Every structure is written in C-alpha cells, then in structure tokens.
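For reference, the structure is listed below as structure tokens.
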Amino acid sequence: MAIARPMSERVDEILRLTPVHDIHTHLYDPAFGSLFLSGIDDLLVYHYLVSEGFRQFDVPYDRFWAASKTEQAEWIWRALFIEHSPVSEACRGILTVLRAYGLDPRQSDLGRLRSWFAAQKPAEMLERVLKIANVASICMTNSPFDDEERPLWERGFDRDPRFKAALRIDPLLMDWPRSSARLREWGYDVSAGRSERTVSEVRRFLADWTRRIDAGYCMVSLPPDFAYPADTDTAWLIREAVLPHGREHGQGFALMLGVKRGVNPALKLAGDGVGRSNLDALQNLCAENPDNRFLVTVLSRESQHEAVILARKFRNLHPFGCWWFTNTPQLIEEITTLRLELLGTSFTPQHSDARVLDQLIYKWSHSRQVLGRCLTRKYTDLQAAGWLVRDDEIRRDVTELLGGGFERFLRR
Ligand code: RAT
Ligand code: ZN
C-alpha cells in the first residue's frame, strides 16, 4: 500500500508551484526608469529598516537624510546586521533574498555584495526574481498626484503586461484644498467648495485616469478616525464622486484603514504609525452601497476580528493582505487562521507591498511558509472529520487565495 504523503508536503509543494498575482505593491513597470528599485542598497534603505536602524545608531536625522544612499545603507548594515543579530522580519528578508541568489552575507562584506548586484543586468534580474518568487503579475500603486510618475503616463509608454495598475487617490480624498487646486491646473473645472459641477469634474478626472492607466481598482489609505457618513470633504468626495465612478466603471474601491501619517515626521516615509479604526464607517459604506465592491485591509491587529465579521455580513466586501505592521509571521498566521475559520477561502491572505524588486523573493517565500502552516492545519482537521482532501482541491483553493479570488471578486 502506498504511504500517504504528509499533508504539509502536499500543501507546501502546491503553494510553491502556484503563481501568485500580487495585488498591491509599490513596484513600477521597468519603463518608469529610476522608480524601478532593485539591489542591495535599495533593499537596505527600505523604510521598514530605516526605522529599525534609528533605534540602534546615533546618527542625527538631518545627517542621515543628507547622506548618500550608499552611506545610509552602510549605517543600516552595520547597525542591524553586524552589531546586532538581524532577527527582525525586515532584516531576515534581506538574508532570504541573498540566499536565493546564492550569496553568503557572512562571507561577503557590503562592497562584495554591491559588486555582485552591479554585475547583473536589470532585465534579467526582473525575470529571475519573478521566477524565484513565482509571481505572475504585479499590481503597482499609481498616483496621478505623483510628479515623478504622472508625466510618463501622460506621454505614454510600452507597458509590460505583467505590471497592472491601481489608481491611488490619497491626496484627492485627504487634502481637498490642495488637490482641487491641482485639478484646476490640469484643466478640471473644480472649486474648493462642494458643487455639482465640481463633483462631475472630479468624476471626469477619475474616469480619465482609470482609462489612461487601465486601473484594475481605485484605492486610498485612511486614518483611524475616518468616519462615514460625515460632514467632511473626504466623505463628500467618496459619496458623490468615488462611489458613483466605481458603479459606472465596475471598479472596486480598496480601503486601507488605520494609518496615522507622520507620527514622527523626522523619519519621513518611515515615520507613519497605526491606530485602531472605527469600522462603523466601513459597515456604513458596505450597507449603503450594495452595488459597489469594497476591498479592505486594516493596519491594527485589534481591528482584524471586526473586519472579518463585517466581511461575513457584506458580500460586497473582500478582505486582503496583512498590511505593513501586520506583515510579520506571527500576525500573518493569526490573521490568516482567523480569516480561514470565519470566511473559508473567500479572502486574499496576502499582498507583498514590495518597494524593491528583490523583496518579492522574501515577501512571498515567507508568506507562503506561513500560509502553508495555516492550510495544513485546516486540511488535517478536515481529514480528521472524515473529509478526504484531494490535491486538485488544494490547488483550486491556493489559486483562489493567491490572487484568483481577488480577480473574481473584482469582475463580479
Ligand atoms: O507598507 C508600506 O510600504 C507603506 O509605506 C505604505 O506604502 C502602505 O503600504 C501604503 O500603501 O500606504
Ligand atoms: Zn502599500
């Protein structure tokens, strides 16, 4: 009689072989030139590591920001890898990346690592990383308000079809006085006040950019005190412009809830924090707008359970990802198990949030490991309940979880 393969082996193999559609990153199509980040220095100055670095070194903030990228990377390398063990998740990530390339950081100093990366051809690195990480497509974060990326969209370029677009509108919703002025500059007849003309012009702006970038969905990150309905510009713009736009274009609206921007501005991109969201706002949005589809990820651990229960109540809500401060193995395991136990497979466990190409390797290898543990436990429980789990069913579930379900939800 054939000996049954252990469940963990079956699950891990299927996870490894199933390509992932990465639904939220900060990576760019290579056509964006300098916005396309890769290599050891970009890996080391990742803002997750910058905030950890400042806990260990005494470099004044101004001096750090005035230094070159290579010098910043050296400070971080010394503080987090040489003078202390690199146990944090973001540090471990670098080790996973180097190992995947066959590099031993114990045998090489930063100079040797730099030379190795410098000798690689960017186009080949892209193929190599996508192959190692088994990533089939990458969704970018595209903001018309970003002065570096906007001109390229306006000029047009040959797109790499593996890089999908998402329309990011934080400035529009969070800083209406300034963004209304920008819209005026770009030829939209808006006023700072709330008028019908302004609403239809904002909708024209959203439609233009949706078409221009072929946006799969629209997205915003919001602070813990976001309220809906409310007498705020944010709530007004969502109700009058974003939601009607979503219905007209069949476009989902992704909400990233709970970020406190600039808690320590001296840390720049690394200076944002977290707070508990009032999820009544999300409940109201889902209840009042059954014809809109909402995607949600919440930043605080404390908000996870409530978000999952809301998804049980509203079929127009799809939870995704373990975002930023929850993208650590212990929290991914907790959140994914919670979601599996309350939602079955109707959610998307993870997105990478990668900013540097090489990060795809570690973000996906670490997340696949955790997802493997969670699924193995669940399938083992099913077998114990007398339900024989077949490989083709595991494959079906994993395909859904690694982006297939997200796509289906958006097309519904
Ligand atoms: O995780 C991150 O890199 C954060 O800086 C944010 O960009 C966040 O993911 C976001 O999309 O706002
Ligand atoms: Zn992000």
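Predicted model only: the values in this text are computed from it and were never measured. Every number for a ligand or one of its atoms is a count from 1 in the order of the listing. Numbering starts at 1 and runs along the sequence shown.
Considering each of Tyr48, Trp323, Phe325, the one bringing a non-hydrogen atom nearest atom 1 (O) of ligand 1 is Tyr48.
Annotation: the span from Leu27 atom CG to Leu360 atom CG amounts to 5.0 Å, rounded to 0.5 Å. With rounding to the nearest 0.5 Å, the separation of CD in Glu306 from CG in Asn278 is 7.5 Å.
The shortest N or O to N or O distance between Arg261 and ligand 1 is under 3.5 Å. Considering backbone and side-chain N/O of His24, one or more are found under 3.5 Å from N/O of ligand 1.
Nearest protein heavy-atom neighbour of atom 6 (C) of ligand 1: Arg355 NH2, 3.5 Å.
Between Trp186 and Phe145, a ring centre-to-centre spacing shorter than 6.0 Å is recorded. In summary, the aromatic rings of Phe32 and Phe157 are positioned with their centroids under 6.0 Å apart.
Ring planes of Tyr48 and Tyr46: parallel class, angle under 30° (limits at 30 and 60°). Ring geometry for Tyr188 versus Phe205: interplanar angle over 60°, hence perpendicular rather than tilted (30 to 60°).
Contact annotation: for Met219 versus ligand 1, there are no heavy atoms closer than 4.0 Å. Of all the heavy atoms of Gln359, none lies under 4.0 Å from any atom of ligand 1, so neither backbone nor side chain is involved.
Using a 4.0 Å heavy-atom cutoff, Thr141 is absent from the residues neighbouring ligand 1.
Within ligand 1, counting atoms from 1 as listed, the ones closer than 4.0 Å to a heavy atom of Arg168 are 10 (C), 11 (O), 12 (O).
Nearest N, O or S atom of Asp353 to the Zn ion (ligand 2): atom OD1.
Within the coordination shell of the Zn ion (ligand 2), defined by N, O or S atoms under 2.8 Å, His351 is absent.
Each of Thr232, Ile238, Val220 was evaluated against Phe226; a single residue qualifies, Ile238, per the side-chain contact (heavy atoms from CB on, under 4.5 Å) test.
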